[in-house]
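Note that ligands are numbered from 1 as they come in the structure, with each ligand's atoms numbered from 1 the same way.
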Amino acid sequence: MDKLIISGGRPLEGDVRISGAKNAVLPILAATLLADGPMTIGNVPHLQDVTTTMELLGRMGVSLTVDERMRIEVDPSTLHQCVAPYELVRTMRASILVLGPLLARYGEAEVSLPGGCAIGSRPVNIHLEGLAAMGADIRVEGGYIRARANRLKGARLVLDTVTVTGTENLLMAACLADGITVIENAAREPEVVDLANCLKAMGARIHGAGTDTLTVEGVSSLHGCEYRVLADRIETGTFLVAGAMTGGRVRTRDTAPKTLDAVLLKLEEAGAHINVGEDWIELDMQGRRPRAVSLRTAPYPAFPTDMQAQFVALNTVAEGIATITETVFENRFMHALEMQRMGADIRIEGNTAIIRGVPRLKAAPVMATDLRASASLILAGLVSDGDTLVDRIYHIDRGYECIEEKLSQLGAGIRRVPG
Ligand code: EPU
């Protein structure tokens, strides 16, 4: 198992290119199942989760080709089975995103239940209840969701909780349903909007993307198209936090600044100077130590849970005391326990972390438990005395493209050691 070694103590300086968004490309790849013709997806990040999705589609018989610029051409017309097997779903929960498209386009789907997860229980009941309300016959047997429908019917769906992939699954299903579907309490995340834009380019009729009510007029077929994936706001935020924690100056380019309002406000509160252009964000900390920033995670446009761990890392070396409350997932503070091993002063009370900043952390061997936790441990390593060894970094390769190359380019001391 590969490990990363981070030698702390250097302020990060320079430019970094932001990749396409993991959480946009995954539903968009699933949406290709809805098309009657080939699709070309551009700005695809080179990530393990993308490889897993390609393998998942490939096993169904879908033809895929990737060019040297990571543009993926997908031709679903060769599909011969509607199954997402356990061995792939257990490595990537987002596999559940094929359920809605398979059912809507092919009338059947067999998708393994995702099972346990390091950040919370993460049920998929809202996905299933929504599809059932659209007329699907759904059974859960032998660890698999088995769903059938002749043609889904438009329905009014009121989601119990704001769910990103739940909204995406139901949105994709509704595009080919008979009649109008209204999804209330829908997720407003930029990745949902990006999926909706892609579906519209395929001929779908969707109104209200980016609001909490999506209205979808079902059509009888969708065609192929070319689509370029949105920039990754979480990767952007992670590099900006790296700049802020190390007292450096980091410019992220090819990004989407409008998707980062809540994160940029918190970075300014921490004392960073932020400049924003059409597709770039520059953060300058001018050698200063960040000030503590308290926050509470919640669905978009509030502060994203996927940036919580990185802000815990920032607060470990900030001036003052911060409280960070996680409201989206029930168990997303594993990184805090690892940071304690690096000398961080963190107390966990229920779903809140209380962090008293110290001037520097101390290197220690630590273990990554999920994707964003891994990122936060790397950030902690950047402000530690000595060499921090981060183990189980396969998590990071699921969601950050070439993280060590990008951080090295900014002057960080980081290297991968094969294990
Ligand atoms: N929930 C239910 N029932 C459902 C679905 C969700 O109770 O049927 C609950 C969950 O347990 C959770 C809350 O609703 O407490 C929100 O979860 P959501 O469904 O929105 O999460 P997700 O769709 O599984 C996506 C991202 C996550 C991100 C969350 C929240 C993708 C592929 N994944 O997950 O990304 O944290 O939304 O924004 O889009 C990551 O990239 O590291 C990551 C975990």
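At least one donor-acceptor pair under 3.5 Å links the side chain of R151 to the backbone N or O of L176. Between the side chain of T297 and the backbone N or O of T327 there is at least one donor-acceptor pair closer than 3.5 Å. Using a distance-only test at 3.5 Å, with no hydrogens or angles considered, no donor-acceptor pair links the side chain of D254 to the main chain of W280.
Donor-acceptor pairing under 3.5 Å is recorded for the side chains of Q310 and T238. For R233 and Y300, the side-chain atoms include no donor-acceptor pair closer than 3.5 Å. In this model, a donor atom of one side chain and an acceptor atom of the other lie less than 3.5 Å apart for S63 and T78. Residues N351 and T325 have side chains that never bring a donor and an acceptor to within less than 3.5 angstrom of each other. If you check the side chains of S19 and E401, you find a donor sitting under 3.5 Å from an acceptor. Counted by atom type alone, T252 and T236 present zero donor-acceptor pairs between their side chains at under 3.5 Å.
Ligand 1 has an N or O atom lying under 3.5 Å from an N or O atom of I126, backbone or side chain. Any N or O atom pair closer than 3.5 Å counts here, and V164 shares at least one such pair with ligand 1. Residue-to-ligand polar distances keep T161 apart from ligand 1: every N/O pair is separated by 3.5 Å or more. The shortest N or O to N or O distance between D306 and ligand 1 is below 3.5 Å. Checked against a 3.5 angstrom limit, the closest N/O atoms of L26 and ligand 1 fall outside it. Residue R372 places at least one N or O, backbone or side chain, under 3.5 Å from an N or O of ligand 1. Residue T305 has no nitrogen or oxygen atom sitting less than 3.5 Å from a nitrogen or oxygen atom of ligand 1, judged on distance alone.
Proximity of N125 to ligand 1, defined as any heavy-atom pair under 4.0 Å, is shared by backbone and side chain alike. The side chain of R332, and not its backbone, has at least one atom closer than 4.0 Å to an atom of ligand 1 (non-hydrogen atoms only; side chain from C-beta on). Residue contacts with ligand 1, taken as heavy atom pairs separated by less than 4.0 Å, involve K22 solely via side-chain atoms from C-beta onward. At a heavy-atom cutoff of 4.0 Å, ligand 1 is contacted by both the backbone and the side chain of T165. Heavy atoms of P123 found under 4.0 angstrom from ligand 1 belong to the backbone as well as the side chain.
Short contacts between ligand 1 and V162, defined as distances under 4.0 Å to a heavy atom of the residue, involve ligand atoms 16 (C), 20 (O). Near H127, with a cut-off below 4.0 Å to any heavy atom, the atoms of ligand 1 are 8 (O). Less than 4.0 angstrom separates some heavy atom of V328 from each of these atoms of ligand 1: 12 (C), 13 (C), 15 (O), 16 (C). Numbered from 1 in the order shown, with element, the atoms of ligand 1 that lie under 4.0 Å from a heavy atom of A94 read 32 (C).
When only non-hydrogen protein atoms are considered, atom 39 (O) of ligand 1 lies nearest to N23 CG, 3.2 Å. Protein heavy atom in closest approach to atom 19 (O) of ligand 1: T163 OG1, 2.7 Å. What sits closest to atom 21 (O) of ligand 1 on the protein, heavy atoms only, is F329 CZ, 3.8 Å.
D397 pairs with exactly one of Q48, R416, H46 by the side chain to side chain donor-acceptor pair (under 3.5 Å) rule, that one being R416.
If you look at Y144 and Y86, their ring centroids are not closer than 6.0 Å.
A salt bridge links R71 with E226: the distance from a Lys NZ or Arg NE/NH1/NH2 to an Asp or Glu carboxylate oxygen falls below 4.0 Å.
Heavy atoms of R122 come nearer than 4.0 angstrom to ligand 1 in at least one pair. Within the 4.0 Å heavy-atom shell around ligand 1 one does not find H395.
Note: L47 CG to L26 CG = 8.0 Å, rounded to the nearest 0.5 Å.
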